[in-house]
Amino acid sequence: MLESQAHRRLHAIQCHLLPSSTASDDDSSSHVQPNLTAAEFFHGQRYSVVLPEKLQTGKWNVYRSARSPLELVTRFADHPEIGTLHDNFVHAVESFRDYKYLGTRIREDGTVGEYKWMTYGEAETACEAVGSGLQYHGFQKGASIGLYFINRPEWLIVDLACSSYSYISVPLYDTLGPDAVQYVVNHADIQAIFCVPQTLNSLLSFLSGIPSVRLIVVVGGVDEYLPSLPSGSGVKLVSYLKLISQGRSSLQPFCPPKPEDVATICYTSGTTGTPKGVVLTHGNLIASTAGFCRAIKFTSSDVYFSYLPLAHIYERTNQFIIVYYGGAVGFYQGDNLKLMDDLAALRPTIFGSVPRLYNRIYDGITNAVANSGRLREGLFRAAYNSKKQAIMRGRNPSPMWDKLVFNKIKEKLGGRVRFLGSGASPLSPDIMDFLRVCFGCQVIEGYGMTETSCVISIMDVGDNLSGHVGSPNPACEIKLVDVPEMNYTSEDQPHPRGEICVRGPIVFQGYYKDEVQTSEVIDNDGWLHTGDIGSWLPGGRLKIIDRKKNIFKLAQGEYIAPEKIENIYTKCKFVSQCFIYGDSLNSSLVAVVAVDPDVMESWAASEGIKYENVEQLCNDPRARAAALAEMDAVGMEAQLRGFEFAKAVTLVLEPFTLENGLLTPTFKIKRPQAKAYFAKVISDMYAELSKSDPKLQKM
């Protein structure tokens, strides 16, 4: 029986293979052909192949990358000897020792100048000193080391030292706040913390509440100016330079980890409850990085701009990729308001960001065009439409348009960018197309999460269709699971829909010290249930269409996925941010909208409305009615169902931020906190609705 099943599986896989004589050597995916009896995944260009999860059921529902259909990637194709982050760094040092690696504009005296660089060889020397310094202080293999500061070269040096000496790095969000940081330090049993003078003050405020910590290292600190700690604290406080000196005085050889050893514990802030520690091994992270490198190629001449938080897996993975290719990393100076200045100085070739920033770039360019005068606006429209049409047809656009219009726009990112990456949340298809036209480069969107070592799927180079997140990372396989309460099933037409589930070497080991929550997301067959709802587009490309975790039920029994509705409403000019609320006691939804002051002032001027300040304007019934009318129009265009429309809206001037506790560090709305924060206005909206329409009274 077993032999029969094995033969059937082999035969099924072979049905996807072309004879070697007909496959061209220059096409890495050309050995794969569609099996149209399996599923309609093939449409022109093939990006995924479909396999059966279980032979007994005969259901073909597991998607793999066409780049590696027969086995899931665990190592780099060109360097299979790389099994850990330490191996990856050693490979870079051996191959690119004298190449630029880490660059910063910040001088020792705090002033800002041109970028100065540390080579890969110099980084190795610093890494050895930091690792030896930790051993000098008696830390054993497997100790947890905290990193509590924003992006700068020392962050990566410390992280590399952790990998090379078999320590576990634990990033601490500088935006989490003292209570959450204290929780993570205790939960992860952190023994040493690297910080900067600003975060040192926060640490000292709860020093007595973190008994596992024995050493605090201050990056950028000067020993004679460091505060004295209570003699009974048992904690040593030294500067980063002193630790380096201590390490150099007693250099120790690397203590290389194994692929199965834990590399890092990344705490996800989440929208509810306490942070969860995601345990990732070296093997997890190498598999994810190697899978990405099958799809996207960089070179040692590439320059990457680092400003996204290194505490997030998205930026960490970008760093692993750059190291593999021997590229250079230039850091921002620490101030988001000066990003454009840093970009002009660095002139990167690779820029990774999130939709929030790309939306601002889009708004800035379109507003500038709208105010540039009729002639210039007309020229921009003609150039944009012509170039977009050429790109969509796979042709080379006329260079005339770049000289006349787009080269000036390219200079906003330094003028050399050839690759724009987007992740963390969905990027609007319109904005993706806009970026492709204006910057004349590859714009690639990916999808992932901390629990999958970052990359689950990524768009293929040359795929000009927007509105999806590409095909599976070659290091994992994906299936969609029915969600009947939301009417999503694998039988849906024209495309299968369901909860996205992931399996493979990129899936995390579990939540640290939390078997219960681990078992809630990883099932008995090893599938990680992401909570995201996806759909398969032609060619085997994945589209994120909804979110399962935050669904709630209205009084009449209809299920609501608020994030889907919020994403639709943010297309309104009035809506900068949106919080949709509903519950089982009410039959309708209400919305709290954070507005753009400039849009409000422009609207008031066009309507001839007089006002004293924007806050007063937000409370004007005419403004609320105009916002709700536009939200209704956008909702109808997106084909929201009747019960998915917000029936009332409150406009607020204060944005949702990390500081007021309404956003997570990855800019997701903290729904319980938002509910509490806006409790009064929510109550007022429902009271107003019940007066105006008795049908909307509580049931």
Side-chain angles (χ1 to χ4, degrees), residues 13 17 25 27-29 31-32 47-49 51 62-96 120 124 159-160 162-164 166 168-169 254-264 266 278-300 302 313-314 316-327 446 448-458 460-461 470-478 502-509 526 528:
I13 292 172
L17 300 181
D25 294 332
D27 184 353
S28 61
S29 64
H31 291 276
V32 180
Y47 300 102
S48 301
V49 298
L51 300 171
V62 175
Y63 285 65
R64 287 186 178 184
S65 169
R67 297 178 184 278
S68 184
L70 301 185
E71 62 179 358
L72 298 180
V73 167
T74 59
R75 300 288 178 96
F76 296 99
D78 296 337
H79 292 278
E81 74 279 5
I82 298 175
T84 67
L85 298 178
H86 169 69
D87 295 339
N88 194 37
F89 182 55
V90 168
H91 153 73
V93 172
E94 291 176 348
S95 305
F96 314 105
Y120 276 91
E124 180 190 39
D159 195 39
L160 290 167
C162 288
S163 295
S164 296
S166 292
I168 299 170
S169 65
F254 289 137
C255 179
K258 298 175 182 176
E260 61 269 22
D261 288 342
V262 176
T264 188
C266 293
V278 176
V279 179
L280 298 173
T281 65
H282 287 268
N284 286 145
L285 296 167
I286 290 298
S288 178
T289 306
F292 175 95
C293 292
R294 294 286 178 100
I296 309 293
K297 307 295 183 185
F298 297 151
T299 72
S300 58
D302 276 315
I313 196 64
Y314 179 17
R316 291 280 289 287
T317 301
N318 288 343
Q319 298 295 339
F320 304 149
I321 295 164
I322 294 297
V323 167
Y324 177 72
Y325 285 114
M449 56 196 300
T450 309
E451 288 86 344
T452 60
S453 316
C454 192
V455 186
I456 293 173
S457 68
I458 190 164
D460 287 70
V461 172
S471 58
N473 181 341
C476 74
E477 52 190 5
I478 301 173
V502 185
R503 186 168 65 180
I506 64 172
V507 174
F508 76 133
Q509 307 303 299
L528 170 70

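Bear in mind that the values here come from a model prediction, so they are computed numbers and not experimental data.
F76 contributes atom CZ, which lies 8.0 Å from atom OH of Y325 (distance to the nearest 0.5 angstrom). Residue S65 holds its OG atom at 9.0 Å from CZ of R294, rounded to the nearest 0.5 Å. Distance check: T289 OG1 to N284 CG gives 10.5 Å after rounding to the nearest 0.5 Å. In this structure, the separation between OG1 on T317 and CD1 on I322 is 12.0 Å, given to the nearest 0.5 Å. One finds the OG1 atom of T84 at 6.5 Å from the CD1 atom of I286 (value rounded to the nearest 0.5 Å). Separating the CE atom in M449 from the CD1 atom in I456 is a distance of 6.0 Å, to the nearest 0.5 Å.
Under the rule for a ring pair (Phe, Tyr, Trp, His ring centres under 6.0 Å), Y314 has no partner lying at least two apart in sequence or in another chain. With sequence neighbours left out, the side chain to side chain donor-acceptor pair (under 3.5 Å) criterion links D261 to no other residue. Residues forming a side chain to side chain donor-acceptor pair (under 3.5 Å) with E71 (at least two apart in sequence, or on another chain): none.
Inspection of the H86 and S163 side chains reveals no N or O donor paired with an N or O acceptor under 3.5 Å.
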Using the side-chain contact (heavy atoms from CB on, under 4.5 Å) rule, take D159 and R316 through it: C-alpha gap first, then chi angles, then the decisive distance, then the call.
-> CA-CA 10 Å; D159 195 39; R316 291 280 289 287; 3.3 Å; yes

Go through the steps for V502 and E451 under the test side-chain contact (heavy atoms from CB on, under 4.5 Å), then give the verdict.
-> CA-CA 10 Å; V502 185; E451 288 86 344; over 6 Å; no

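Ring geometry for F89 versus Y120: interplanar angle of 30 to 60°, hence tilted. Using the six-membered ring where Trp is involved, Y324 and H79 have ring planes that are perpendicular, over 60° apart on the 30 and 60° scheme.
Closest approach of P505 to A475, counting heavy atoms only: CD-O, 3.1 Å. The nearest pair of heavy atoms linking I296 to I458 is CG1-CD1, 4.0 Å. Considering all non-hydrogen atoms of both residues, V93 and E124 come closest at CG1-OE1, 3.5 Å. Across T264 and S169, no two heavy atoms sit closer than the pair OG1-O, 2.7 Å. Nearest heavy-atom pair, F96 versus S300, reported as atom, atom and distance to 0.1 Å: CE2-CB, 3.8 Å. Here the closest non-hydrogen pair linking S288 and V455 is OG-N, 3.5 Å.
Considering only heavy atoms from C-beta on, V262 stays 4.5 Å or farther from Q509 through its side chain. The shortest distance between side-chain heavy atoms of H282 and L85 falls below 4.5 Å. The shortest distance between side-chain heavy atoms of F508 and L280 falls below 4.5 Å.
No donor-acceptor pair under 3.5 Å is formed between the side chain of S48 and the backbone N or O of S471. With hydrogens and angles ignored, the 3.5 Å screen pairs no side-chain donor or acceptor of T450 with any backbone N or O of I313. A donor-acceptor contact shorter than 3.5 Å is absent between the side chain of R64 and the backbone of E477.
Of the candidates I321, V323, L285, L160, N88 forms a side chain to side chain contact (heavy atoms under 4.5 Å, CB included) with just one, namely V323.
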